[in-house]
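Down below is the structure, laid out as structure tokens.
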Amino acid sequence: MPIALERHLNTSQLKAVETVDGALLVLAGAGSGKTRVITYRVLHMIDNLGIRPESILAVTFTNKAADQMKTRVRERLPAGRSADPWISTFHSLCVRLLRREIEALGYGRDFAIYDADDQVKVIRELLKSAGMDSVKPRRIQSRIGWAKNRGIAPGAMADHAFRAEDEAVGRVYADYESRLRADNALDFDDLLIKTVELFEKFPDTAARYGERFRYIMVDEYQDTNRAQYALIGHLARPHGNVCVVGDEDQSIYGWRGAEIQNILDFEKDYPDARTIRLEQNYRSTRTILAAAGAVVAHNRMRKGKQLWTENPQGSKIRYFEGHDPGHEAAFVSERILRRRRREPDARIAVLYRTNFLSRTLEEVFRRFDIPYQVVGGFSFYERAEVKDILSYLAAAVNPRDSVRLGRIINTPPRGIGRTTTDALQSWARAHHASLWDAIAGVADDSAAPARSRRALAAFRTLIEELAASAAEGIRTVELIRQVIEKTGYVAALEDEATEEAGSRIDNLRELANAAEEGAQRGESLRDFLDNAALVSDQDAWDENARVTLMTLHTAKGLEFPTVFIVGLEDGLFPHARSIDDDGDVEEERRLFYVGMTRAQERLYLTCARARRVFGSEDAAVTAVSRFLREIPPDLVDALSEPSFSEPAARMRGGYTGRSYDTTEAVRSVLDTRARTAPRSGAWKPGAKVRHAKFGLGTVLGIVGEGDDAKLTVSFNNHGLKKLIAKYATLEPA
DNA sequence: TACTGTAAAGTTTTT
DNA sequence: CTTTACAGTA
């Protein structure tokens, strides 16, 4: 039965769905039903037009978006089809293509994927052997990424030397590239770049995939970079059926090489392209939309859209200035509690520019007993123990992966220390060989110390055994079990018998579960490793979480009835690094626009008048974000007296929890807190306490008074600790 | 070789 | 403040 599109779509949406052949640009404003259009477009093609699902390719940026689209399409399509449409992220699409085709470029099909940490490790080693210890590896990494995303080769680095350091960067960059080739490894940028290179060198291959994917859709087109743009160009060449969806006002990845010009120039690139604007917003109140629109109107680089909505006016935007981050967080907490009293299941997001801002919020939320979920920071797959075990699996598949091998060569300790690894390094350099070859070389070298040789030979046997198991196609869970047994990894953790070691063991159990779940979906070991390499922070997000904390970047594509944007101070948002460049400020402004338009009904904007950097003694006085002044005043309800002109002296020492003016509401909550949570000086010997890191314990002794008191606490799992009351985050237990 | 303690550095946003 | 790197010692 054909899908009745008219019942689900407005006029513009319907036009976008029904325009299937040729090039199509859909300019979809925030909340205008973009995902709905893409989903129905796929359904329409398959169900109403009889297009084969496997000839449809939809590309997104995040796994989350891809999964969501897959689910929605699958739900509405009749069961029993031969295949699904290809819906995936740019990166996983490239991995799938390269796993089949990369041998044409001289790599092995089992290439490793290096993440940012791996890159830094490689660069650090290269710098060390070049004697350039003073340069920071992270800087080099970001410069290399900058160059790669703009198609600048190592040799051309000096020509493009926008910065003095770039000539040196060029040299490291060249070494870096050959090192990755020796390791049979690609970094994230390479995944895209090498696919494009493949298509350029082998037009037949490009044409083959172009023929296969006759209908192409790209989500968030404003965030595509040079390589992604070229990739789509190659795939669309045979037929020109390409539909890109995006919003130039939501382009927020310029720093990562995204070129807003790609969407602005789409009509030039595809001269017979049709353009459809989706301007009706279904998400936000009139007030929120008007405020966001007024802000983004300050940007010059726009195609221009006029969003409108039939939604009600809604309440004004609430603005609050705290004295410091603690005060700001207390305000947010109080408003969250108030909302939950009216509506226990309310979904609330707290958004910030930089990850470290979550710390104060988390601390205060815990004191208010507000459960929350932080999205970002480190994900499951970034935990040391998980990375360790995954490294064993990766090494079993590709022993040339020297980053993974280097990580596990002495983890857990097996007698391969500095001296031995130094010997390996110089052997590898002398023979232009990989770490793996060096291990064999030194183990067989009768001139090397017998102890090292024994340890290395044992390690080599271990990896070879694991590789043999992997080659047999043994279940991933089973291989994990072998790793744990043969290395004694979990046994070592069990010996530690600490709370932390216990949670690490739990994490490994979780890893085994993930492997088993993957296996049941039919994933191979290789697939499992690829997925682990490509998961993002957003993927761990539980949509049902009541209170979610995340960066503004992560929030893109999501919506919440209530949204807080915190830390609205110049230098923080817009970020100090962007403030000097008009283009960069425009991108920050778009980011603010993205944040505001996440809100459906209630939007709170907050800042702190003083903020500490690195926990310094005195908190620096802040200036209110310039973006706040771009909101029409009549849309805003100020909940505190703006007083940024106050003398700095008043802010000294930061937030004490006493003696400041604020709204009655915050004060009452703070008072409650003061009654329930004793001030830090109030502990008595014998009191049971809980520490964020050490867990449960008992206070044994106290020296001094108040905040300066030094406590001696006996923790159940960490033994005796001496703590200073002011800094220790102790709670009564 | 492995562990412990002290010094220094660090915070932009992410597939 | 927190985390990481490195040096010195068992």
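Convention: sequence-line order gives letters A, B, ...; per-chain numbering from 1. Keep in mind that the numbers below use all heavy atoms, side chains included, and drop hydrogens, waters and symmetry copies. Since the structure is predicted, the reported quantities are computational estimates derived from the model, not experimental observations.
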Quiz prompt | Which nucleotide in B:dT13, B:dC3, B:dT15 has an atom nearest any side-chain atom of A:Arg353 | solution = B:dT13
Exercise. Using a 4.0 Å heavy-atom cut-off across all strands, classify A:Phe188 as base, sugar-phosphate, or nothing.
Key: base
Quiz item: Is the shortest side-chain N/O distance from A:Asn355 to OP1 or OP2 of B:dT13 below 4.0 Å?
Solution: yes
Self-check item: Parallel, tilted or perpendicular: rings of A:Phe592 and A:Phe627 (30°, 60°)
Solution: parallel
Self-check item: Residue list, side-chain contact (heavy atoms from CB on, under 4.5 Å) with A:Ala533, at least two apart or on another chain
Solution: A:Ile113
Self-check item: For A:Leu390, side-chain contact (heavy atoms from CB on, under 4.5 Å) partners two or more places apart
Solution: A:Tyr381, A:Val386, A:Leu393, A:Leu511, A:Phe528, A:Leu529, A:Ala532
Quiz item: Just to confirm, is there a sub-4.0 Å distance from OP1 or OP2 of B:dT15 to any side-chain nitrogen or oxygen of A:Asn225?
Solution: no
Quiz item: If you look at every strand shown and take non-hydrogen atoms under 4.0 Å, does A:Ser92 touch a base, only sugar-phosphate, or nothing?
Solution: nothing
Self-check item: d(CG, A:Leu231; C1', B:dT15) in whole Å
Solution: 14 Å
Practice problem: Please work out if A:Lys136 contacts a base, only the sugar-phosphate, or nothing of the nucleic acid, heavy-atom cut-off 4.0 Å. | Solution: sugar-phosphate
Quiz item: A:Thr554 side chain N/O closer than 4.0 Å to the phosphate oxygens (OP1, OP2) of B:dT14?
Solution: yes
Quiz item: To the nearest Å, how far apart are A:Asp581 CG and B:dT13 P?
Solution: 19 Å
Quiz item: Would you call A:Phe61 stacked on B:dT15, i.e. ring centres under 5.5 Å apart with the planes less than 30° off parallel?
Solution: no
Quiz prompt | Atom CZ of A:Arg451 with >12 non-hydrogen neighbours under 6.0 angstrom | solution = no
Quiz item: Is the shortest side-chain N/O distance from A:Thr62 to OP1 or OP2 of B:dT14 below 4.0 Å?
Solution: no
Exercise. Quickly work out the A:Arg138 CZ to B:dA9 C1' distance and round it to whole Å.
Key: 14 Å
Quiz item: Mapping A:Leu591 and A:Gly415 to their closest nucleotides on DNA chain B, which lands nearer the 5' end?
Solution: A:Gly415
Quiz item: A:Lys556: what forms a side-chain contact (heavy atoms from CB on, under 4.5 Å) with it, not counting sequence neighbours?
Solution: A:Glu220, A:Gln222, A:Asp223, A:Gln250, A:Ile252, A:Tyr253, A:Val594
Quiz item: Rounding to a whole Å, what distance do you find between A:Asp189:CG and B:dT15:C1'?
Solution: 9 Å
So which protein nitrogen or oxygen atoms get under 3.5 Å of nucleotides 4-10 of chain C's nitrogens or oxygens?
none

Practice problem: Give the rounded distance in Å between these two atoms: CD of A:Glu586 and P of B:dT13. | Solution: 22 Å
Quiz item: A:Arg451 CZ to B:dA2 C1': how many Å, rounded?
Solution: 12 Å
Quiz item: Partners of A:Arg226 by side-chain contact (heavy atoms from CB on, under 4.5 Å), sequence neighbours excluded?
Solution: A:Glu259
Exercise. For B:dT13 versus C:dT4, give the span between their P atoms, rounded off to a whole number of Å.
Key: 15 Å
Quiz prompt | Residue pairs involving residues 586-596 of chain A (criterion salt bridge (Lys or Arg N to Asp or Glu O under 4.0 Å); sequence neighbours excluded) | solution = A:Arg353-A:Glu588, A:Glu587-A:Arg590, A:Arg589-A:Glu630
Quiz item: Just how far, in rounded Å, is C1' of B:dG10 from NE2 of A:His575?
Solution: 12 Å
Quiz item: Whole-Å distance between C:dT3 P and A:Arg383 CZ?
Solution: 13 Å
Quiz item: Looking across every strand, which nucleic acid part, if any, lies under 4.0 Å from A:Asn410 by heavy atom: base, sugar-phosphate, or nothing?
Solution: sugar-phosphate
Exercise. Verify the distance criterion only: is there a donor paired with an acceptor across the side chains of A:Asp183 and A:Tyr114 at less than 3.5 Å?
Key: yes
